[in-house]
Amino acid sequence: MVLFTLILATLLLLLLLFLIVRPKPVSIPIKNRHVFISGGSSGIGLALAQKAVSEGARVSLLARSLHKLKEAQKSIREVYGVDVAIFSADVRDHSAVERAVAESGPIDVLVVNQGIFVPGALENQASEVIKSVINVNLTGSFNVITAALPSMKNRKDGAPASIALMSSQAGQVGIYGYSAYSATKFGLRGLAEALQQELISDNIHVSVIYPPDTQTPGFEQERKIRPELAGIIMGSGGGALSAEEVAKKSLDGIKSGSFSIWFNLEGYMLGFSGAGFSPQTSFPVAFLEIVFAGLSRLAALFFLWSWYRIIQKKHAN
Amino acid sequence: MVILSLILLPFLLLPLLYFIVRPRPVNIPIKNRHVFITGGSSGIGLALAHRAASQGARVSLLARSLKKLEEAKESIRLSSGSDVSIFAADVHDYDVVQKAVSDAGPIDVLVVNQGVFVPQELEKQGLDEVKFMLDVNLMGSFNVIKAALPLMKQRTDRLPASIALISSQAGQVGIYGYTAYSASKFGLRGLAEALQQEVVADNIHVSLVFPPDTETPGFERETEVRPELTKILAGSSGSMKAGDVAKKALDGIQSGSFIVPCNFEGHMLAIATAGLSPQRSFLMAVIEVIFAGVLRLVALFFQWNWYRCIEHWHPRKKDT
């Protein structure tokens, strides 16, 4: 009797969610379409470029260093026999970004992936460093999006387009030593939620990607200067993923128009407890969000308990 | 049997969460202590100043306009008889902020309240306005906190101190027309969560206040230029008077709450967006766990409503 009610309730909830999830699910093809990746010369950006090329997309890369861009272009040509277009510009310079975007042609899938991370406790971090993290990660993203928007809105094919923002698990939870980086990655979410509402009528779909620690050159550098406490706290999460794994899951999420793209068990727990007011286009995932919301928040409270005890212990010494 | 365990559940959660909530609850007195408010010459900041002064705090105000600061100072002297210190500075300039902070003296309760908002669809908004909001609301907050922290850490009384950031409901959910503003206010939360871990050992407690639309001079200006759709969607939550927001804010700060909602809708938003934010009250923690699922369902209904509204206003331009 109880089992029957439970099954009935589940089916009713699934039906309800199927009817109400907005925006509606969508499929975003990338074969023969133009994928533009900022921060595309290394790390996750480069891995995304390789994956997109392997699926038949026409890829453009934007980054600061022409040297690194040429190396990236060469490596893709060697493996896939395909030429990607490269543009050297600093995302902080919006005129340079506009020129690059204009030259590359109308964009179908924009991947805003550039980012720098300089860990350090706020009191130890120079104001100039904080400023550059905000300018590259957040302001820079606005520069890239506003440069690409006009031609994206005027695209000729009627197919759905995508703007994907590379956030981080540090954009789901703020951790010791990451005040500036987390601020920018949380900020991308506020931008994305508002932007999706503004662009839905143009059939442009926003995705926010939340990778964990990923094995990239940037990560290697970051780990060397990471405060010890940050390492201990973050070590309690899953291990680092390869850039290829992150690229694959990211692209799959972009193609299915998912608003939030999570990785590994920790990522889903973070995602469910932090679902908040983000849209959810998949009704089965919406169902999981509702069912596991409470449990995820409980898990979150346990994580916080563990982290604050670690902090207390460290400072007692 | 099942029903029994469902009823028992909250009672099991209560003692469990009582023991595990971190950081622990705290009381932060403000009487006779130094409260420093940025953006304190008008709006919510001024209302906070009035309230803190009337509760016996020693208040300092930081803002850009000396003229407005002097008017604020006068109005507080008239209403509560106390003298506030005033400092004219732009939060964008770290050196100037640092000077103001050191002139003001060690701070017990730092209220990072300055903020600007210009609602506009991103494609129509100039990048200058985007940068302005990010600079003042986010970078400015970093500057203020960074300037105040050293002396806060070295304070001689052993009482708990507070760093309170005035966010917004637009920092809990991004709404049409608020790309830059929501970006800056969501950013404050990432900052706050990390900062709390960094300063808890110094007995400094971080609070994030989430007011809805509040009746302030800034709001008056903003509503004049608000896109129509923003008005409709943001109207889902009611507006409040600055004095009422100040009361909720100060109460929340004094109880050391990490998340401080200001009205009923705000409480719903807070539970829905609890995420990985700390919760010091074990009662609130139980409520968050029990109602998390329901609130997510409510959030999905809001999305359904909002997106239908948007579709009604802007019918899709192309069919696939």
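Computation of the quantities below employed the complete heavy-atom set of this structure, encompassing side-chain atoms and omitting hydrogens, waters and symmetry-equivalent molecules. Below, chains carry the letters A, B, ... as their sequence lines are ordered, and counting in each starts from 1. Computed from a prediction, not measured in an experiment: that's the story for all the values here.
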Part of [X] within contact of chain A (heavy atom distance under 4.5 Å):
| X | result |
| --- | --- |
| Phe301(B) | both |
| Trp313(B) | neither |
| Leu16(B) | side chain |
| Leu300(B) | both |
| Gln125(B) | neither |
| Leu122(B) | both |
| Ile271(B) | neither |
| Ala147(B) | neither |
| Leu134(B) | side chain |
| Val173(B) | both |
| Pro278(B) | both |
| Leu233(B) | side chain |
| Phe302(B) | side chain |

Answer with side chain, backbone, both or neither: which region of [X] has an atom nearer than 4.5 Å to a non-hydrogen atom of chain B?
| X | result |
| --- | --- |
| Ala180(A) | both |
| Leu17(A) | side chain |
| Leu16(A) | side chain |
| Ala126(A) | backbone |
| Ile134(A) | side chain |
| Gln196(A) | both |
| Ile145(A) | side chain |
| Thr146(A) | side chain |
| Ile311(A) | side chain |

Between [options], the one whose heavy-atom pairs under 4.5 Å with chain B are most numerous:
| options | value |
| --- | --- |
| Ser182(A), Ser179(A), Gly274(A) | Ser179(A) |
| Leu199(A), Leu19(A), Leu229(A), Leu138(A) | Leu138(A) |
| Val2(A), Leu149(A), Leu270(A), Ile130(A) | Ile130(A) |
| Asn143(A), Thr184(A), Leu295(A) | Asn143(A) |

Under the side-chain contact (heavy atoms from CB on, under 4.5 Å) criterion, do Gln197(B) and Tyr308(A) qualify, and how do the steps go? CA-CA 7 Å; Gln197(B) 294 187 8; Tyr308(A) 277 93; 3.5 Å; yes

Might you point out which heavy atoms bring [X] and [Y] nearest each other, and give the distance in Å?
| X | Y | result |
| --- | --- | --- |
| His314(B) | Ser201(A) | CB-OG, 3.1 Å |
| Phe142(A) | Ala180(B) | CZ-CA, 3.6 Å |
| Gly190(B) | Phe186(A) | CA-CD1, 3.4 Å |
| Gly275(B) | Ala300(A) | O-CB, 3.5 Å |

For chain A, which of [options] has the most heavy-atom pairs under 4.5 Å?
| options | result |
| --- | --- |
| Trp304(B), Tyr178(B), Phe291(B), Tyr94(B) | Trp304(B) |
| Asn143(B), Val199(B), Leu297(B), Val294(B) | Leu297(B) |
| Ser182(B), Ala194(B), Pro150(B) | Ala194(B) |
| Ile290(B), Leu276(B), Thr273(B) | Leu276(B) |
| Leu13(B), Leu188(B), Asp135(B), Leu269(B) | Leu269(B) |
| Ser141(B), Ser277(B), Pro227(B), Ser184(B) | Ser277(B) |

Verify, without hydrogens or angle tests, whether [X] (side chain) and [Y] (backbone) share a donor-acceptor contact under 3.5 angstrom.
| X | Y | answer |
| --- | --- | --- |
| Glu198(B) | Gly177(A) | yes |
| Gln303(B) | Pro23(A) | no |
| Lys185(B) | Gly187(A) | no |

Could you list the donor-acceptor pairs under 3.5 angstrom formed by side chains in residues 117-124 of chain A, with sequence neighbours left out?
| from | atom 1 | to | atom 2 | distance (Å) |
| --- | --- | --- | --- | --- |
| Glu123(A) | OE2 | Lys153(B) | NZ | 2.5 |

How long is the straight-line distance from [atom2] of [Y] back to [atom1] of [X], given to the nearest 0.5 Å?
| X | Y | atom1 | atom2 | result |
| --- | --- | --- | --- | --- |
| Phe277(A) | Gln172(B) | CZ | CD | 8.5 Å |
| Arg296(B) | Phe292(A) | CZ | CZ | 15.0 Å |
| Lys131(A) | Leu138(B) | NZ | CG | 12.0 Å |
| Gln197(A) | Tyr176(B) | CD | OH | 9.5 Å |

Checking Phe302(A) against Arg22(B) for the side-chain contact (heavy atoms from CB on, under 4.5 Å) test, could you report, in this order, the C-alpha distance in whole Å, the side-chain angles of both residues, the deciding distance, and whether it holds? CA-CA 9 Å; Phe302(A) 266 100; Arg22(B) 291 285 189 283; over 6 Å; no

Can you find a heavy atom in the side chain of Ile310(B) that is under 4.5 Å from one in the side chain of Glu198(A)? no

Under 4.5 Å, heavy atom to heavy atom, which residues of residues 200-208 of chain B contact chain A?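 At a heavy-atom separation under 4.5 Å, chain A is reached by Val200(B), Ala201(B).
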
Check the surroundings of atom NZ in Lys99(B): do more than 12 heavy atoms from other residues, nucleotides or ligands lie under 6.0 Å from it?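 No - once you tally the heavy atoms of other residues, nucleotides and ligands closer than 6.0 Å, there are 12 at most.
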
Decide side-chain contact (heavy atoms from CB on, under 4.5 Å) for Ser127(A) and Met139(B); before the verdict, give the C-alpha distance in whole Å, the side-chain angles of both, and the deciding distance to 0.1 Å. CA-CA 9 Å; Ser127(A) 173; Met139(B) 189 61 217; 3.6 Å; yes

